[in-house]
Amino acid sequence: MGGPADRRSVLRAGLLLGTGSLTAALAACSSPQEATPAAGTTPAPDPSTAAGVTTTTPSTAGSSRTLLVYFSRPGENYFNGGRTDLEVGNTEVLTTMITDILADAGVDCDVHRIEAAEPYSDSYDATVARNSSEQEDDARPAIDNPLASLEGYDTILIGSPIWNVRPPMIMATFAQAHDFTGTTVHPFVTYAVSGLGRAERDYTAWCAGARLGEGFAARGEEVPDPASSVRSDAEGWLATIGLLTP
Ligand SMILES: Cc1cc2nc3c(=O)[nH]c(=O)nc-3n(C[C@H](O)[C@H](O)[C@H](O)COP(=O)(O)O)c2cc1C
């Protein structure tokens with residue numbers, strides 16, 4: 001595991017972002033540990049309302065059902081070599097863009113925002129440190145608002161930032177609490193330098209029974225910029241994966 005391209009992206013991310021121990025990052029890249037069962041994810045019958053984007057009750061209309069699940073962390077973050085303070089996380093901004101595009105096309109999409117039971121710090125460095133140890137430990141950080149079920153969905157968009165070249169480990173907590181049989185999973189991420197990083201490989205391992213479909217990656221710094229091409233790139237991706245055709 002972990003070809004030269006992966007190693008280059010880990011090195012680049014480690015150097016540019018100061019993402020903790022480079023040795024740990026390389027170890028995580030080249031010898032991923034076996035997944036362990038999710039902890040603290042007892043399904044709740046009534047998913048709570050997400051901040052920013054509302055979690056909706058699954059609709060029953062139509063034969064094809066789409067769910068978007070995402071995690072995003074506002075606060076201090078990496079920004080073009082420096083730092084910025086994000087009032088709304090980049091992945092949440094991208095999520096809103098995606099759901100707006102789908103709504104404009106008349107496509108129903110239920111949305112669920114993953115909330116950490118132990119919220120991540122507003123501090124960038126503290127979050128880097130916590131994420132490094134969660135990756136090293138192959139941890140499954142508990143989710144505060146577990147989703148009851150994926151039943152009835154056939155397309156699942158899973159969004160997160162890239163942390164140390166991978167989705168945050170809380171995405172594994174989410175994915176391993178569910179049966180994805182019969183679904184197609186499309187990862188989407190926001191990032192600084194790593195693109196999708198290890199997202200496709202991780203979700204292939206974490207989403208039991210899913211077919212992994214094409215993913216989408218947007219640079220975090222560009223997502224809130226209306227002059228960027230992110231919205232049209234997202235439209236192109238949604239069209240390619242067949243979500244914009246009625
Ligand atoms: C703990 C942490 C680790 C990160 N590691 C990487 C990385 O390895 N590669 C990368 O391209 N960006 C990395 N980033 C930058 C984020 O992926 C990027 O800023 C993203 O848009 C943040 O999304 P959010 O605001 O939805 O959390 C990291 C950010 C944090 C907070």
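Both ligands and their constituent atoms are indexed starting at 1 by order of listing. FYI, side chains are in, hydrogens and waters are out, and symmetry mates aren't considered; it's all heavy atoms of this structure.
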Assess the residue pair Met169 and Asp138 against the criterion (side chain to side chain contact (heavy atoms under 4.5 Å, CB included)); give the C-alpha distance rounded to whole Å, side-chain angles, the decisive distance to 0.1 Å, and a yes or no. CA-CA 7 Å; Met169 298 312 287; Asp138 196 25; 3.4 Å; yes

For ligand 1, which part of Thr91 has a heavy atom less than 4.0 Å away: the side chain, the backbone, both, or neither? both

Interfacing atoms of ligand 1 (cut-off 4.0 Å, heavy-atom, Val165): 7 (C), 8 (O)

Thr173 (side chain) donor-acceptor with Pro141 (main chain) under 3.5 angstrom: yes

Within the 4.0 Å heavy-atom shell around Val193, which atoms of ligand 1 are there? 10 (C), 11 (O)

Could you go through the salt bridge (Lys or Arg N to Asp or Glu O under 4.0 Å) check for Arg211 and Asp154 one step at a time? CA-CA 10 Å; Arg211 185 182 84 82; Asp154 51 17; over 6 Å; no

Using heavy atoms and a threshold below 4.0 Å, how should the contact between Phe79 and ligand 1 be classified: side chain, backbone, both, or neither? neither

Test side chain to side chain contact (heavy atoms under 4.5 Å, CB included) on Val69 and Leu157; report intermediate values, then the result. CA-CA 6 Å; Val69 179; Leu157 311 179; over 6 Å; no

Any N/O of Ser194 closer than 3.5 Å to an N/O of ligand 1? yes

In ligand 1, the atoms that come under 4.0 Å of a heavy atom of Asn164 are 3 (C), 4 (C), 5 (N), 6 (C), 7 (C), 8 (O)

Do the side chains of Arg83 and Asp122 get close enough for a salt bridge, i.e. N-O under 4.0 angstrom? no

Record the part of Val189 in heavy-atom contact with ligand 1 below 4.0 Å; permitted values are side chain, backbone, both and neither. neither

Looking at Arg166 and Asp202, is there a salt bridge between them, counting it only when a charged N and a carboxylate O are closer than 4.0 Å? yes

Atom indices of ligand 1, in the order listed, that fall short of 4.0 Å to a heavy atom of Tyr124: 29 (C), 30 (C), 31 (C)

Please say whether Thr127 places an N or O atom under 3.5 Å from an N or O atom belonging to ligand 1. no

Is Asp233 paired with Arg219 through a side-chain N to carboxylate O contact shorter than 4.0 Å? no

Who gets closest to atom 31 (C) of ligand 1 by heavy atom: Tyr191, Tyr78, Tyr120, Trp163? Trp163

For ligand 1, is there an N or O atom under 3.5 Å from any N or O atom of Val128? no

For atom 17 (O) of ligand 1, which candidate among Ile162, Leu196, Asn131 holds the nearest heavy atom? Ile162

Atoms of ligand 1 less than 4.0 Å from Asn77 heavy atoms? 19 (O), 22 (C), 25 (O), 29 (C), 31 (C)

Nitrogen or oxygen atoms of Ser72 and ligand 1 under 3.5 Å apart: yes

Check the orientation of Phe180 and Phe174. Use parallel for under 30°, tilted for 30 to 60°, and perpendicular for over 60°. perpendicular

Do any nitrogen or oxygen atoms of Ala192 come within less than 3.5 Å of a nitrogen or oxygen of ligand 1? yes

Determine the interplanar angle of the Tyr120 and Phe71 rings, folded into 0 to 90°, and report it as parallel if under 30°, tilted if 30 to 60°, perpendicular if over 60°. perpendicular

Subset of ligand 1 atoms that lie under 4.0 Å from at least one heavy atom of Leu86: 25 (O)

Least distance between heavy atoms, Cys109 atom then Leu68 atom: SG-CB, 3.7 Å

Pull out every atom of ligand 1 sitting under 4.0 Å from any heavy atom of Gly220, numbered as shown with elements. 21 (O)

Just one of Leu102, Thr155, Ile101 clears the side-chain contact (heavy atoms from CB on, under 4.5 Å) bar with Val107, so which one? Leu102

